[in-house]
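Atoms within a ligand are numbered from 1 in the order they appear, just like the ligands themselves.
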Amino acid sequence: MSRIFKISGVILVGLTLLGGLLYRSASVQDMMMQTGVAVMLNSGPEAFDGLQVVVCGSASPLGNNPDRAQACLAVVTPEHFFLVDVGARSPMRIAQAQLPMNRLTGVMLTHFHSDHIAGLADVNLASWVAGRRASMRVYGPSGVETVVAGFNQAYRLDRGYRTAHHGEALLPPSAGPMVAKTFQPGLVWQDDTMTVTSFLVDHHPIDPAVGYRFDYRGRSVVISGDTNTSDNLFAAAAGADIVFHDALARDSLDIMQNAMLESGRTTFAQIIADVTDYHADTRTLEEAATAAGIEQLVLYHLVPTPMNSLTETMFLRGLSDKTLLAHDLQVFELPPESDEVIIR
Ligand SMILES: [Zn+2]
Ligand SMILES: [Zn+2]
């Protein structure tokens, strides 16, 4: 028996050494990378004939979890591709999800807190180099023109470098700067199959702040942006299939605040106390959503951002099994003219 163990041990050590040598071989490295790139290029999202929502960011600014980017949801159909908010790290998630940047219809901003706009320049560049031939449209309530003008100014030199290097045919200068599309709450965008409407939410003192509703071939999703529990949102969400809503877990937040106070970080403790009045507390959100007849509630823009499965469980404390906690790169698929929701 011990002889078998010895032989097995020798074989194992030999294979480990051989594997180590192969791993350092340039030709083996090249072959592995070629295979990896081919797999990556062929592993884009499967074409889906319906309404898809891809979570490109589920975090809030409170907490740093590298597995969660800041607020971003992609709404994708065969004919449309909208991004709702583009917080920090969301461009990385958009790239990982291999979303069709060459056909980006537009970015829709809910308001102009940094955790909703920080990725704008990277999204603009990513869609420009993917082949977009007209300026990227950035929709938002009053104030979006200031945000877009600022980004355009800050990245003016960068755009010049890109075109000088790659040529005007590849990167047409006219498509480089973003274009602001300011709207009043109400109808934002419409064609034969898609209607996008916006409505005011309660993110006081941030005003205006809006949410969006997307209606496509008998299916509908609502995206809250940042808001306290809002009657206006629930009225706009009547009959919607899914409501993606920001959420605040008070128990977790209180623990953070106490820890900050005990360690003498009074400024940060006060900031934590301040955020409680302009996000939706999970303890009242689900009840209000149920009373409003919301079929499916999905929590994103999580305050504080859960760091692990324990804090995710704490976030869902007191909620029904039906309410879901969004994860980055999760995909919700709604086939047309049906009640089905496929979650991947
Ligand atoms: Zn906000
Ligand atoms: Zn926010």
Closer than 2.8 Å to the Zn ion (ligand 1): does that hold for any N, O or S atom in His111?
yes
Going by the angle between their ring planes, with limits at 30° and 60°, are His279 and His203 parallel, tilted or perpendicular?
tilted
Please work out whether the ring planes of Phe82 and Trp189 are parallel, tilted or perpendicular, with thresholds of 30° and 60°.
perpendicular
Which atom names give the shortest non-hydrogen contact between Asp191 and Thr193, and what distance separates them?
OD1-N, 3.0 Å
Please name the pair of heavy atoms, one in Ala118 and one in Ala88, separated by the smallest distance, quoted to 0.1 Å.
CB-N, 3.8 Å
Assess Asp85: does it contribute an N, O or S atom lying under 2.8 Å from the Zn ion (ligand 2)?
no
The Zn ion (ligand 2) to nearest N/O/S of His113 below 2.8 Å
no
Vertex the Zn ion (ligand 2), ends His301/NE2 and Asp115/OD2: angle to nearest 10° comes to 90°
Counting the benzene-type ring for Trp, do Tyr212 and Tyr139 have ring centres under 6.0 Å apart?
no
Of all N, O or S atoms in Asp226, identify the one at the shortest distance from the Zn ion (ligand 1).
OD2
